[in-house]
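Note on naming: letters A, B, ... go to the chains in the order of the sequence lines (proteins, then strands), and numbering restarts at 1 for each one.
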Amino acid sequence: MDFKQVIADVIAAESGISACDALDWLETPPNPEMGDYAFPCFKLAKQLRKAPHQIAADLEKIIALPAGVEKVIADGPYLNFYLNKARLAEQVLQKVFSEGERYGGSSMGGGRNVCIDYSSVNIAKPFHIGHLRSTVIGHALYRIYEHMGYHCIGINHLGDWGTQFGKMIYAYQTWGCKEDVEREGVAALVKLYVRFHEEAEKDERLNDAARTWFKKIEDGDPEAVALYTWMKELTLREAARVYEMLDIQFDSYAGESFYNDKMDRVVSELQSKRLLNLDQGAQIVDLSAWKMPPCIILRSDGATLYATRDIAAALYRKDTYDFDQCLYVVAYQQDLHFRQWFKVIELMGYSWANRLTHVSFGMVSVNDGTLSTRKGKVIYLIDVLRAAVQKTREIMAEKSPDLADVDAVAAQVGVGAVVWNGLYNGRIKDIVFDWDNVLNFDGETGPYAQYTYARACSVLRKAQPAGAVDYSVLCDAEPSAVVAAIASFPDAVREAMEKNEPYLVSRAVIEICSAFNRFYYEQRIMADEPAVRNARLTLTKAAASVIKTGLNLIGLTAPERM
RNA sequence: GUUUCCGUAGCUCAGCAGGAUAGAGCGUCCGCCUCCUAAGCGGAAGGCCGGGAGUUCGAAUCUCCCCGGGAACGCCA
């Protein structure tokens, strides 16, 4: 039985409020010397018509201490509960061992489906640092929802349709050469793309030529389709290298082109539901009642738009996966777009409209201006990953020169540093890309967490806990702090899911790591006294286990040596 | 202009279903390896929580106004 619940029950019994409220009001004191749980008595002041500190003092006298609660002390308006540290440690650590890598998870998802639309790379465009956040946030959410008992469908909604492919083919046919593209890959395509825009500035006719080429793709012209397919495969091969480094897989690559034949349904359904209005030649859904600009479904030339496509995709996903939730991990620039078409889904009468969530995040820019594919100004994600791995190799050459498996570990740590960087802060924050920051492995970083894990593993290689554990050994401040951090991990995971904020898991991992490192420094785990050693090894094993679980949840691996 | 997000230490950020002295990391300065990985640990310095009103016993947290910054705003995605 959970201590927090037990305490809430006794407060409820003595104060007259419901156990539910009591549980709600209960908080964790700002510092450990003030106890493990605190009940602020302000809330009772009104109904009891007494001063809060008086209420606390009165409750202190009459409250019956539940088993495992050592004492209760009124401190001003607060009622502070002190748990028996040994029993708390026992309860928490046993839970970690019995649940193993499932610790912090639950079965609340009940196997229901969650679609997560993330990463969404563009064909023939660079996979750059701007894609990092969508990719790592989406992937982390995938892991977190799975941990909570959901079944996730990871969808890479490829940007694989549109007139830019006409431009690409025109540019390739005019200035390109096969060898360059085969050798340089997307970078060569980007050069052609940049050149196209430069030339098109001077000669408007290029745009017509591009449109013609795109029309050929649409009409199934063999040459055009072959080139289009070639570029698509080439881009995906390159992206696959990044995904491989990140250890990310997708369950579906159904992108824009996939929905080409699924948009008639959207138009006819909107028509039959009388939601479509002709305005300035375009077919729109009026959203002025919700203070939004109209959602354009068909252009005046009859072509579809991305809102049409997103609606088609949502309908398809609902039919195909019957999702409980569908998340779109897309930058906040598209806030309005999502609000608009979510509203259209709602107006269409679909009750699941409120199951669509735009998981938005801030922009990525560079110190010296904005990124622009058109101007050829990009930082490729793979270059960042490789630089981080290289940096790790250098550090390892210095710090652990005789480690076997250098390449594998360097990859784990280097990539971990980059991934962590995208998951350490709240999603809404804009990020200014900074090499120094990405390549910093000190302090609260991925490598720090991985290092902590490796340290713990190192101790556990010397000895494993065995037999009965004397939990009273773990009552000092340092081990208690580790226990407390481990104990609060499950709440962090649940909140991370509820808010779609993976950084809450990152922070929870850091809590455990810094508590563990302090413990490691202050107390000798391999103590001479067997009982002491055994208890500390037990704590070490639990901490390592939860750190690993936490890292895995946000998409990092945990090497046992580094 | 309208809508929306953001503004906390030199820098990057936590804290924001209101509560006990506002926390980390980086950077700076000072300490700690004859003992389990120093990618570590400790300490110091550094804050009218953008400004002003209001609600409240109590506001970094809620409301309104102002200032500063980002983003979006009909046929691109």
Under 3.5 Å, which N/O atoms of the protein pair with N/O atoms of nucleotides 55-61 of chain B?
none

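Dashed line: the shortest gap from a side-chain N or O of A:Y448 to OP1 or OP2 of B:U37 is not under 4.0 Å. In this model, the phosphate group of B:A71 is not approached by any side-chain N or O of A:Q333 to a distance below 4.0 Å at OP1 or OP2. Phosphate proximity of B:G70 to A:K429: absent, as no side-chain N or O sits under 4.0 Å from OP1 or OP2. Residue A:R561 places no side-chain N or O under 4.0 Å from the OP1 or OP2 atom of B:U37. Taking only side-chain nitrogens and oxygens, A:Y306 never comes nearer than 4.0 Å to OP1 or OP2 of B:A77. When the side-chain nitrogen and oxygen atoms of A:N517 are compared with OP1 and OP2 of B:C41, one or more of them lie within a distance under 4.0 Å. OP1 or OP2 of B:A38 lies within a sub-4.0 Å distance of a side-chain N or O belonging to A:R455.
With hydrogens and angles ignored, no donor-acceptor pair under 3.5 angstrom links the side chain of A:D442 to the base of B:G40. A donor N or O paired with an acceptor N or O is found under 3.5 Å between the base of B:U21 and the side-chain atoms of A:N31.
The backbone N or O of A:G281 sits nowhere less than 3.5 Å from a side-chain atom of A:S300 that would complete a donor-acceptor pair. Using a distance-only test at 3.5 Å, with no hydrogens or angles considered, a donor-acceptor pair links the side chain of A:T308 to the main chain of A:L305.
Residue A:D160 is classed as having no contact, given no heavy-atom separation below 4.0 Å to the nucleic acid. The residue A:Q280 sits close to a base: some heavy atom pair falls under 4.0 Å. Among the protein residues, A:P30 comes within range of the nucleic acid bases, having at least one heavy atom under 4.0 Å from a base atom. Across all strands, A:P29 comes closer than 4.0 Å to base atoms (heavy-atom distances). Nucleic acid contact for A:Q450: none, since no nucleic acid atom lies under 4.0 Å from a heavy atom of the residue. Nucleic acid contact class of A:A38 (heavy atoms, under 4.0 Å, all strands): base. If you check every strand for non-hydrogen atoms under 4.0 Å, A:R524 touches a base. When heavy atoms are screened at a 4.0 angstrom cut-off, A:G362 is found touching no nucleic acid atom at all. Residue contacts shown for A:Q283 are absent, as no nucleic acid heavy atom lies under 4.0 Å away. At a threshold of 4.0 angstrom between heavy atoms, the contacts of A:I525 include nucleobase atoms, whether or not backbone atoms are also involved. Residue contacts shown for A:D279 include a base, since a base heavy atom lies under 4.0 Å away. At a threshold of 4.0 angstrom between heavy atoms, the contacts of A:D24 with the nucleic acid are absent. In this structure, A:M562 reaches the bases: a heavy-atom distance under 4.0 Å links it to at least one base atom across the strands shown. No engagement by A:E501 is indicated, since no non-hydrogen atom pair under 4.0 Å with the nucleic acid exists.
Taking atom C1' on both B:G40 and B:U4, the two are 44 Å apart, rounded to the nearest angstrom. If you take atom C1' in B:G51 and the same atom in B:G69, they sit 15 Å apart, rounded to whole Å. The gap from the C1' atom of B:A53 to that of B:C67 amounts to 15 Å, rounded to the nearest Å.
Cation-pi check for A:K262 over A:F258 is met; the charged atom lies under 6.0 angstrom from the ring centroid and within 45 degrees of its normal. For the pair A:K71 and A:Y82, the distance from NZ or CZ to the six-membered ring centre is under 6.0 Å and the angle to the ring normal is within 45 degrees.
Ranking B:C76, B:U3, B:U37 by closeness to the A:L305 side chain, first place goes to B:C76. Taking the side chain of A:S514 as heavy atoms from C-beta on, and the options B:G15, B:U4, B:C41, the nearest nucleotide is B:C41. Candidate nucleotides B:A77, B:A39, B:A38 were compared by shortest atom distance to the side chain of A:I395, and B:A39 ranks first. Here the side chain of A:M526 is nearest to one of B:A71, B:U37, B:C36, namely B:C36.
Taking all atoms of both residues into account, the shortest heavy-atom contact from A:N440 to A:T445 is O-CG2, 3.5 Å.
For A:L336 and A:I431, each mapped to the nucleotide of RNA chain B holding its nearest heavy atom, the one lying further toward the 5' end belongs to A:I431.
Aromatic rings from A:F39 and A:F81 are positioned such that their centres are separated by 6.0 Å or more. Proximity of the aromatic rings of A:H337 and A:Y306 is defined here by a centroid distance below 6.0 angstrom, and this criterion is met. Checked against the 6.0 Å centroid criterion, the rings of A:F338 and A:Y328 qualify as a close aromatic pair. In summary, the aromatic rings of A:F214 and A:W161 are positioned with their centroids under 6.0 Å apart.
One interatomic measurement links the two molecules: NZ of A:K343 to P of B:C73, which rounds to 20 Å at whole-angstrom precision. Taking atom CG of residue A:N421 and atom C1' of nucleotide B:U12, one finds them 10 Å apart after rounding to whole Å. Going from atom CD1 of A:I510 over to atom C1' of B:G25 covers 9 Å, rounded to whole Å. The interatomic distance linking A:F519 (CZ) with B:C41 (C1') rounds to 14 Å, in whole Å. As a whole-Å value, the separation of A:I284 CD1 from B:G74 C1' is 8 Å.
Within 6.0 Å of NZ on A:K548 lie no more than 12 heavy atoms contributed by other residues, nucleotides or ligands. A:D528 CG: 12 or fewer foreign heavy atoms inside a 6.0 Å radius.
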Determine which bases of RNA chain B form Watson-Crick or G-U wobble pairs with both distances under 3.5 Å, and write the result as a 5' to 3' dot-bracket string with | for other-strand partners. (((((((..((((.....[...)))).(((((.......))))).....(((((..]....))))))))))))....
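If you check the side chains of A:N500 and A:R427, you find no donor sitting under 3.5 Å from an acceptor.
The aromatic rings of A:H197 and A:Y193 sit perpendicular, their planes meeting at an angle over 60°, well past the 30° parallel limit.
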